[in-house]
Visitor: 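Input: one structure, supplied below.
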Amino acid sequence: MSQDDFVPVNEPLLDGNEKKYLAECIDTGWISSEGPFIKQFEEKFSAYVDRRQGVSVCNGTAALDAAIEALGIGPGDEVIMPTFTIISCVGQIVRAGAIPVLVDSDPDTWNMNVSQVEAKITSRTKAIMVVHIFGLPTDMDPLLGIASRHELKVLEDAAEVHGQAYNGKPCGSFGDISTFSFYANKHVTTGEGGMIMTDDDQLAEDCRSLRNLCFQPQKRFVHERLGWNMRMTNLQGALGLAQLERLDEFVARKRRMGQYYTERLTGLPGVQLPLARTDYAENVYWVYGLVLDQSRGIQAEEAMKLLASKGIGTRPFFHPMHQQPVLKKMGLFEGESYPVAERMSRQGFYIPSGMALTDEQMDRTAEAVRQVLA
Ligand SMILES: Cc1ncc(COP(=O)(O)O)c(C=O)c1O
C-alpha cells in the first residue's frame, strides 16, 4: 500500500477563496494580528452564530482559558462539566484553583447527561460548562433551566458544532459565553485558531484585553491584570473568512458523509453508530464515531490497528477527565467512576471524517470497517 492509498482521518478543503485572501495579506504586508480579515471574520462568524460579539484568539484552548478567566472563576469555585471531553476544557479551571465537577455521558448522544447535573450543584457551584460532542448538541433547554434556577453561569464549548443548531437556535449562541476552535479538523478551519462569543459587551471587552496581555490604553506597559498573548493573525482571519463563506456547504457535505457511512455500516453486530438526529437537532458529524459493544470481545485499540493495516486512519475517543493521570495526581476525582464515559473511551474511535473525503475513500473505509468488525 502506498502512502497515497492511505485514507487520512482528516483533510481540510481549502479550494475556495483561501489562496486569494492569503495572497492579499502578503501583498499588503498585513500578516500579524493587525489587519482587516480578523475583524471581518469576527463580525461575520458572530453574526452567523447570532451573537453580538466575537473575539478571535489563537486556538480553541486559549478561547476556553480566557472565557473561564473572564467569567471570574477562581479559587474554590466549582464548575460542572462532562468527564468525556478534551483536556482543554479543564486546564484553566484547575490553574485558577477552581474545581471541576464531572458528569457522565448520555449513552445515545454521547453528550453530558443533563439529568445528572442538578445533583452535582453545591453552594460553591459557579458555572456549568457545556461541551457539544462530535456534532450533536447537548440538550440545552433543561440545562439552561437548571442554570437559571440556580443562578449559574453557562459556558458553551461549540468547538465541534460549527453550523449546528439546537431547536433552530445556533450552537454557540447559548449561555453567557461560548467558544469555538478552528483547528484543521473543524468545519471552519484557520489551521490553528479560536473564537470567544458573547452578547455581553463587558465580557467581550475583558476577553479582548486578556488575549492581548491586558495592555492598558493609557499606560501600555503597566498591567493591572495578567493576560496572555492569544492573538489571531490576519493570515488566520483570511483563511477563516474564506472557510466561513462555505460553512453551509460544509455542513451539507458532512451530513452526506454521515448518511453515506450509516447506510454502509448499519447492521454490523455490536457496533453503535452516531445518532443521525434527536428531536432537537440533526447531526453535523464533526467526526463519525463508532462504539463497540463489550460483548464483541474486541476493543477500540485493536480495531484501530487492524484498520491501520488496511490503510484507514482512525483516532481514539477522548480519555475521560476523571482518569487523566495529571488530574488524579492533583488528588482530583478520587474514587469517582463514570461508566458510560469509561466504556466510550475504551470502546470508541472515529473513522476518516474530513471535509475533503471522497466517495471512493468512504467506500474503502466502510468496506475495511465491515471486514474488521463483521
Ligand atoms: C470540544 C473541544 N474543545 C476545545 C478544543 C480545543 O481546541 P484547539 O485544538 O483549537 O485548542 C477542541 C479541539 O479539538 C475540542 O474538540
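Both counts, for ligands and for their atoms, begin at 1 and track the order of listing.
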Visitor: Can you confirm whether W30 sits close enough to P36 that some side-chain heavy atom of one is under 4.5 Å from a side-chain heavy atom of the other?
Guide: yes
Visitor: So for atom CD1, which belongs to I31, do other residues, nucleotides or ligands contribute more than 12 heavy atoms lying within a distance under 6.0 Å?
Guide: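 Not more than 12 within 6.0 Å, no.
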Visitor: Counting only heavy atoms and a distance below 4.0 Å, can you name the residues contacting ligand 1?
Guide: N59, G60, T61, L64, I86, S88, V131, D157, A159, E160, S181, K186, G193
Visitor: Could you tell me whether R95 atom CZ has more than 12 heavy atoms of other residues or ligands within 6.0 Å of it?
Guide: no
Visitor: Answer with yes or no after comparing the ring centroid distance for F317 and F84 against a 6.0 Å cut-off, counting only values under it.
Guide: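 Yes - the distance between ring centres of F317 and F84 falls below the 6.0 Å cut-off.
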Visitor: Any side-chain heavy-atom pair from H187 and V284 closer than 4.5 angstrom?
Guide: yes
Visitor: Take atom CD in E151; do more than 12 heavy atoms of anything else shown fall under 6.0 Å from it?
Guide: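 At most 12 heavy atoms, drawn from other residues, nucleotides or ligands, come within 6.0 Å of this atom.
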